[in-house]
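Take a look at the structure below.
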2 protein chains.
Amino acid sequence: MKQDYCYKHPRPSVTTDCVIFGYDQLQLKVLLIERGIEPYKGKWALPGGFVREDETTEQAAARELSEETGLKNIFFEQLYTFSNVDRDPRGRVITVTYFALVNIENFKPVAGDDAKNARWFPVKEIPKLAFDHEMIFRKALYRLKSKIKWQPVGVELLQDKFTLGELQSVYEAILEIKLDKRNFRKKILKTEVLIQLDEKQKNVAHKAAYLYKFDKKKYEQLENDGFYFEI
Amino acid sequence: MKQDYCYKHPRPSVTTDCVIFGYDQLQLKVLLIERGIEPYKGKWALPGGFVREDETTEQAAARELSEETGLKNIFFEQLYTFSNVDRDPRGRVITVTYFALVNIENFKPVAGDDAKNARWFPVKEIPKLAFDHEMIFRKALYRLKSKIKWQPVGVELLQDKFTLGELQSVYEAILEIKLDKRNFRKKILKTEVLIQLDEKQKNVAHKAAYLYKFDKKKYEQLENDGFYFEI
DNA sequence: ACAAAAGTGTTTGGAATACACCCATGC
DNA sequence: GCATGGGTGTATTCCAAACACTTTTGT
């Protein structure tokens, strides 16, 4: 049974789109889905969908994220709201966008729900995207680069336990520069949000590195104390 | 003649709300309007309104701003999108918010359009606000404080020509701290976005200060060169 | 033994901070 | 002449950046 919702004034549709970053094989990657329906059928796009009547845009983004990646409790934050009147050929659609950092190892590929094909693309090899998603993606990348300069968000892209070398590689991939090992270690340890474990790498063909984990409580405390800025 | 707009799925309304900052008598102020209609009739609120079918949220914000203050071409940027399902008693309303910096001297009070009363409130004396506008206001204030640390946006609150003393007072009002005069001047002049004019204050009971103006071109150039971060 | 990444300190330059006195003007 | 804000320089501290060698492990 089909029902119509009628209003006195025209209303836009509201969607959320997510820029989901991952890190793998020394590369920063983004999760894209292949559209199964028109418009832009067969084109790659950011995962997203319509905001339901009973959920906030944050909840919608979290739901999409969990549907697309099987991941919950992920770092994500609002990016920007895009509202060009002609950004969607179906009509007036305003999209509230989010960006998220996940760790690809934990990622469980979702058996093609909506018959969609999902793939991680290195940020250097993004195909042509549907809608204005290219613009959204670029804004997210810019935000990530700015943010990482102030906040130790790089850890969200790694496993729970990681080495400082791995973390440095994340930073180098995102910022596209080489960093000095000693200075990087000094700077990242001075933030005091990393905890060194009594545990080392195994089976590596070189001196085994200590593993660290992220001290989320400490981080949130510092954040509340105004230590980091929203960016 | 009344017409209805019907859709297959329910749609939220979309509004914009603006946090408009001004500076006057050594105080940072915010423009609020008194609501002339329900809900929250008689309560103070941020200026805002519905986004029309043929305009972006930016255009809607600029239009509201111009309607409320008579000002055009002023500094404003997107703040955040709020979407709690119960934030508006009239139903599902998502609001895309902006914050703006204007200079109160140029502000032309608008003869009560919509029978609304508009007033500048010092940020320290904000009354209870309608909807979730308190939260929006707090976020805007936080953003302004963060932003001013990196970007010389304080100039937007002053006249075209201003003294460094006035600019320092703006910073002190926003950050709520006293600044050292010499260090402030060094820092602000080092940004090289202020131009010293061949003109001084007149009729002041002390040594007349040089007037400066903001070098908008230079600022935009630096911004494009990635000199400042989006915040 | 050698390849590969881990781990570690010191020096240097630039930026932010702290700090105090004389100057021009209107009354 | 005095009250008011304008204008200026230096010393110190802190942080960021540059820079090279030894250690551990697997092959």
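Only a predicted model underlies this, so the values are computations on that prediction, with no experimental measurement involved.
- No salt bridge links A:E220 with A:K216; every basic N to acidic carboxylate O contact stays at or beyond 4.0 Å.
- Atom CG of A:L26 and atom P of C:dA4 are 15 Å apart (whole Å).
- Salt bridge annotation for B:D160-B:K213: absent, with no cationic side-chain nitrogen under 4.0 angstrom from a carboxylate oxygen.
- In this entry the distance linking CG of A:L194 with C1' of C:dG7 reads 16 Å, nearest Å.
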Practice task
Might you work through the salt bridge (Lys or Arg N to Asp or Glu O under 4.0 Å) test for B:E176 and B:K145, ending with a clear yes or no?
Solution key: CA-CA 9 Å; B:E176 300 178 76; B:K145 286 185 189 188; 2.5 Å; yes
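- One finds a salt bridge joining B:E77 and B:R143 here, because a Lys/Arg side-chain nitrogen approaches an Asp/Glu carboxylate oxygen to under 4.0 Å.
- Nucleotide C:dG7 holds its C1' atom 14 Å from the CZ atom of A:F184, rounded to whole Å.
- A ring pair (Phe, Tyr, Trp, His ring centres under 6.0 Å) with A:F121 is found for one member of A:F137, A:F21, A:W44 and no other, namely A:W44.
- At whole-Å resolution of the value, CG in A:L167 and P in C:dA5 are 17 Å apart.
- A straight line from CG of A:L189 to P of D:dC15 spans 16 Å, rounded to a whole angstrom.
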Completion exercise
5' to 3', nucleotides 3-9 of chain D under a 4.0 Å protein heavy-atom cut-off (B base, S sugar-phosphate only, - none) gives BBBBBBB
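- Note: CG (A:L179) to P (D:dA16) measures 13 Å, nearest angstrom.
- Between B:E34 and B:K43 there is no salt bridge, since none of the side-chain N atoms of the basic residue sits less than 4.0 Å from a carboxylate O of the acidic one.
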